[in-house]
Each structure stands twice: as C-alpha cells, then as structure tokens.
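One structure below.
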Number of protein chains: 2
Amino acid sequence: MAPKDTRARIVHAAMELFWLKGFNSTSIADLLSRTQLNSGSLYHFFPSKQDVLVGVLEAYRDGIEEMLLKPAWEGVDDPIERIFALLALYRRLIVETDCTYGCPIGSLALELHEPDPQVRDLLAANFVGWTNAIVRQLEAAGARLPRALDHEGLAQFVLTTMEGGVMQARTHREVAYFDRAVAMLRTHFQMLEASAKVVA
Amino acid sequence: MAPKDTRARIVHAAMELFWLKGFNSTSIADLLSRTQLNSGSLYHFFPSKQDVLVGVLEAYRDGIEEMLLKPAWEGVDDPIERIFALLALYRRLIVETDCTYGCPIGSLALELHEPDPQVRDLLAANFVGWTNAIVRQLEAAGARLPRALDHEGLAQFVLTTMEGGVMQARTHREVAYFDRAVAMLRTHFQMLEASAKVVA
DNA sequence: CCCCCTCTTGGTTGATCATTCAATCAAGAG
DNA sequence: CTCTTGATTGAATGATCAACCAAGAGGGGG
C-alpha cells in the first residue's frame, strides 16, 4: 500500500469518527481499530492527534466543491434554487441519520474551546468556502435581488440558517425544525425578490 | 454550610466549567478543585458526572426568566424590540468574552453525540423555554405582523439566528458575524411588518 | 551484495479519567 | 448517654488516554 493511501485512509476514518463521536471523544485507539493500523504507523504520519484534526479540516476545505456542491447542484441551474438545493442536501443527511446529523465543521467549532490558531483558521476557512459558494449564487441572481443587498451578509445568514436548523433538528430529533428554518429563509428570499421588483 | 448550598455550589461551578471547557473536557477533578470539595462529597450529591449535567440543564431551564429574560428586557416594552434586546444581550456576552462565547445549551447540544433521553429532553426543554418567550412577544406584536405568520416557526428562526451567529462570531473571532446575522433578521422583521401593513 | 530510507510493529510509559469505599465527623433525637 | 442521620474525607481502583520508542521489514539504488 502506497504511503499516501495510508495517510488518506487515516484522514478518511478520522472524518467519520470525529463526525460520529466528536474530536475529544474519539480516541487514538478508535482510529487504530478502524484503520487496522498500529499506533506507530499513525504517529509516523501524524505527530499528534491534533495534526489528524488538521488533516481532516484540510480535507473538508479542499472537498467542498467535489463532495458538497457538485452533488447538491446536480441538475439545478437557477442560482437561488441552488441555495435551497444545498439546504435540501443537508435535509437528506438529517433524515438519513435519524436526525442525529450534525454539521462536522459546526460541531467541531463549538466543541473545541481552545483551538490553536491553525485549527481555528481552518474552521473559519471551511465556513468561508461555504459562504463564498453562496455569494457566487447571489451574484448570479443579479437583478432578481435588491441592488443594495449585502451579499456576504446574506450568504452568512444562509449558513446561520443551516447550522441553527441542524442544531435544533438534532436536539428535538425532528426534521420539522430544520424545515421551518428553511421555510423562513424561503420567505426571506421571496420578500427580497418582491422588493427588488418594486424598485425596478 | 447547609446541604442545599453544597449542591447548588456544585451546579454553579459546573455551569461555568461546562460552559468554558465543555462537558467532556471538564473532569471531576476540575469540579473538585473549583468547589474545594472532595470526591466523596460530590458523589454524595450526584451519583455520576451525567447527573451533574442534568442538574446544570435543569438550572438553566429554571433560570431562563430570572437570569436571561429579565435582564435583557429591563426597560424594553415593545415586543419586537424585546426580541432584538435579547439578541443584544448575547452580543454583549460575545464582546465580553472576546468572541469566545458559546451558547451553553447549543454547545452541549452539539457536543453530546449520544445523550441519554433525560439529557436530550432537557436540552430540548431549554430551547422550548427560549422560543416560547419569543412566541409571546410575536403574539404581543399582534397586527404589526402578518396575520398568517407562523409564530413558532419564526421564534425558532430567531433562535436559529442567535445560535448560527454565535457560532460564526466565535469561529472567526469577530462580533461582526453575529451583527450581520442580526441585521438580516432585522430586515426580515421590517419586511414582515411592511407586508402586514399592505394587507391591512 | 549492502546501505539507506520509509514505513510498520506492538509493547510500554506515565498521566488522567470517573468512580468507589471504608472510615470519620458533627449534630440532633430520644 | 446512645443511636441515627447526613455529610465529608481522601486514598485507592482499574480503565483509558495520548504519545513514545526500540526493533525490524521491505524495497530501491549503489
């Protein structure tokens, strides 16, 4: 097995374990049994558990386009619908996990109370990658939205809606909480589009 | 010292520690050194660490009115302004903690990946207590908002905004992310009020 | 053939974890 | 004075944790 494969296998396993159990509750032993490696091998590629986390966050950051956006936007061209298609993908994840789904980045962002700068920057970079994708859609929507609209702010608001909706759906174990958050955001966009028409 | 005091002291210390470091990262030893108790004393009142968590969540649930709403709404009568006054209180907490603030309930909700039913119900009860307070304000706003408005849904959306805003402000270490979320919600309310006027 | 480097093996270290327990204490009841 | 109760003490337990390390396997180039 090529070394790169081993590294990638560790990251892949860690992505799943951190998502399932969180960072602190995932032990090195968990990681070893999942990857069928010995501790020395793992520590050969990653000097510490923290470095595994860094690898995971880099993988998420670099995979946004391929792993998240591309599947979500399959067959969806309308920019505003793409935003809701992305939210629909999260809905699917919530349903598939019986409402135990948590956004891997959001969960880590709240779990790590004293993250070192590198980790914090990577968490932020993940959020920025996500919101930037939304900003592009808002720009593509052009005149359908008000001229003076704060694209960045609205994009962050979409992320806020997703994270808050996921958190509540998970806590109550009901998708309805996520659905209501999305419905409110839908109303928001409809009102924005309406106000853009009036001005035009 | 009366026994009730010791129990309350443990809960009080645990509230702060869980908020600062999270549940898993707070050790019994942390709790003991903070309360100046011996392990036996703690285990006399709480059979397990989990039971301390239950005590903490009950304290939050029972303290919403006195500890959260009352201070936030001091001198604010307008129902819609009360909603934003509550958000302003969270803003204050964010600033006071140099943008490390995390909602204690939200953080626990995302940190605990396999909470037993009792804990999960208490987390949900805390969210419900919060949103119910918002629902009351929305009802008090009466005709200023659209007749067909989903009060529960909008109240949950306010919570969503708070939680998402807190998460992003904390991750980026900038209040501006919280401010933008609130600004978006403000726009939302303004558009709702405008549409209520048109119909009337 | 040997040297060198990458990678693997798996036992080991010492710290920290939640929890337990027998013993002790103070204070009140009868 | 005796007995009971509730609270407290603090050492001890065994599990689990992240991390370390000496020894060796495997392979490619000289």
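Proteins get letters first, then strands, A, B, ... in listed order; numbering begins at 1 in each.
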- Report the distance from atom CG of Asp5(B) to atom P of dG6(D), rounded to the nearest whole Å.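 The distance from CG of Asp5(B) to P of dG6(D) comes to 18 Å, rounded to the nearest Å.
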
Original post:
Which whole-number value in Å describes the distance from Leu42(A) CG to dC20(D) C1'?
Top reply: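 Nearest whole value for this atom pair: 13 Å.
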
Does anything in residues 146-169 of chain B form a ring pair (Phe, Tyr, Trp, His ring centres under 6.0 Å)? List the pairs, not counting sequence neighbours.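 Only Phe157(A)-Phe157(B), Phe157(B)-His188(B) qualify under ring pair (Phe, Tyr, Trp, His ring centres under 6.0 Å).
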
Who are the side-chain hydrogen bond (donor to acceptor under 3.5 Å, both in side chains) partners of [X], not counting sequence neighbours?
X	result
Asp78(A)	Arg144(A)
Ser27(B)	Asp30(B)
Arg34(A)	Glu16(A)
Tyr43(A)	none

* To do: Kindly check if the number of other-residue, nucleotide or ligand heavy atoms within 6.0 Å of CD (Glu152(A)) is above 12?
  =>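 No, not enclosed.
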
In terms of heavy-atom contacts, does CD of Glu114(A) have more than 12 from other residues, nucleotides or ligands at under 6.0 Å?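 Counting neighbours around CD of Glu114(A), 12 or fewer heavy atoms of other residues, nucleotides or ligands fall under 6.0 Å, so no.
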
Exercise for the section: Apply ring pair (Phe, Tyr, Trp, His ring centres under 6.0 Å) to Phe84(A) and Phe189(A), showing your working. Expected result: CA-CA 10 Å; Phe84(A) 287 94; Phe189(A) 270 86; 5.5 Å; yes

| request: Could you identify which residues of residues 18-38 of chain A place a heavy atom less than 4.0 Å from some atom of DNA chain D, listed by residue number, or say none? | output: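 By residue number: Thr26(A), Ser27(A), Ile28(A).
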
Tell me which residues in residues 48-60 of chain B lie within less than 4.0 Å of DNA chain D, going by non-hydrogen atoms.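 Nothing qualifies; none.
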
Distances under 3.5 Å between protein N/O atoms and the N/O atoms of nucleotides 20-28 of chain C, please, pair by pair.
from    : atom 1 : to       : atom 2 : distance (Å)
dT20(C) : O4     : Ser39(B) : OG     : 2.9

Residue pairs passing the salt bridge (charged side-chain N to carboxylate O under 4.0 Å, His left out) test where at least one lies in residues 42-52 of chain B, sequence neighbours excluded
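For residues 42-52 of chain B: none.
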
Inset, instruction - Look at His44(B) and dT8(D) and indicate whether a side-chain polar atom (N or O) is within less than 4.0 Å of OP1 or OP2. - result: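 It does not, given that no N or O in the side chain of His44(B) lies less than 4.0 Å from OP1 or OP2 of dT8(D).
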
Query - Pair listing, side chain to side chain donor-acceptor pair (under 3.5 Å) test, anchored in residues 94-108 of chain B, at least two apart - result: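 Listed by first then second residue: nothing to list.
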
Applying side chain to side chain donor-acceptor pair (under 3.5 Å), which residue pairs with at least one partner in residues 165-175 of chain B are found, sequence neighbours left out?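 Found Thr160(A)-Gln168(B).
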
request  = Mind telling me whether Phe18(A) and Phe23(A) have parallel, tilted or perpendicular rings, with 30° and 60° as the class edges?
outcome  =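 Geometry flag for Phe18(A) against Phe23(A): perpendicular rings.
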
Tell me whether Leu93(B) shares a hydrophobic cluster with Met67(B), the cluster being built from Ile, Leu, Val, Met, Phe, Trp, Tyr side chains joined at under 4.5 Å.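 No, because Leu93(B) and Met67(B) fall into different hydrophobic clusters, even though each may have its own neighbours under 4.5 Å.
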
Would you mind reading off the bend of the helix from dC1(C)-dG30(D) to dG30(C)-dC1(D) from its two end axes, five pairs each, to 10 degrees?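 End-to-end axis angle for the helix from dC1(C)-dG30(D) to dG30(C)-dC1(D): 20°, rounded to 10°.
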
